[in-house]
Amino acid sequence: MCTICGCGTVTAEQREDHPHHHPHDHGEHGHHDHWHGEDGSITFGAGAAGVHLPGMNEERVIRFERDILSKNDAYAQANRARLLAAGQFALNLVSSPGSGKTSLLVRAITDLEARFAIAVIEGDQQTSNDADRIRATGVPAIQINTGKGCHLDAHMVGHALDQLPLQPGGLLFIENVGNLVCPAAFDLGEAHKVVVLSVTEGEDKPLKYPDMFAQADLMLLNKADLLPHVDFDVGACIGYARRVNPQINILTLSARTGEGMSAFYGWIDVRVRNATQDVTYVAG
Ligand code: MG
């Protein structure tokens, strides 16, 4: 269950009742928390919505929540070590539904695929629509369906990593489930969280959902081409984001027209180069 938002969904982690399992140890125990589709998709969570925690008082729920997050952190550390060893740079894209994450990825992949080996993990509750859109660009994509789950967790991402080519200087985009709340709490092993906010949303979202903006290293203000048609105060929005996270980088762009995208690519370039140097330094 995700007690972070109280949505009452059962997480993949919770469905595993093996007390001694380790991250990515799927050997003889044969976990049955997920199944694979013919298109390579991975589906988690067929449980009924609205599952609650019978007999748990508030204190136990808090302990349970801490337990889920510490298990997630262990999986995230394993993912991070694996990505670092492979020299693969991973970004975790988070936003509300409809901010334009998938369109932004399609544009970025088209513009960057000559420079980087790109792979994508797509998170949604249902359908492989987004992974299909990504695969149409020619790069490998794994769809994770979270079922009733409201976020990706590091354990799910570990399964998807099993199926993707990881390589030095490679770029992995993880598109999280559209949700500005729960994905903030779940480290997936990424190098950075990137929060996407579109100008068709309220400019006060950083104040309303501060955790997500506090966790992100970059905010992309998307759909800038629509600014003439909407009442959205860019300056106020940037001020709110900086109030929540003074260190956050902010770029205004439009995935539709391509305006401002090169600044995003520059931001990626610098960090991939630094990450690659870190690996060389550690290895040498
Ligand atoms: Mg999407």
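For ligands, and for the atoms within them, numbers begin at 1 and follow the listed sequence.
Aromatic ring pairs are classed by plane angle as parallel below 30°, tilted from 30° to 60° and perpendicular above 60°; the pair Phe186 and His151 is parallel. Classified by interplanar angle (parallel below 30°, tilted 30° to 60°, perpendicular above 60°), the ring pair His155/Phe44 is perpendicular.
Sorted by chain and number, the protein atoms of type N, O or S within less than 2.8 Å of the Mg ion (ligand 1) are Thr102 OG1, Asp130 OD2, Glu175 OE2.
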Under 3.5 Å donor-acceptor pairs involving side-chain atoms of residues 110-118, not counting sequence neighbours:
unit_1, atom_1, unit_2, atom_2, d
Thr110, OG1, Val106, O, 2.7
Asp111, OD2, Tyr265, OH, 2.7
Arg115, NH2, Asp269, OD2, 2.4

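Using a 4.0 Å cut-off between charged nitrogen and carboxylate oxygen, Arg60 and Asp67 do not count as a salt-bridge pair. Between Asp153 and Lys71, none of the side-chain N atoms (NZ, or NE/NH1/NH2) sits under 4.0 Å from a carboxylate O, so this pair counts as no salt bridge.
Taking each heavy atom of Asp225 and Pro228 in turn, the nearest pair found is O-CD, 3.4 Å.
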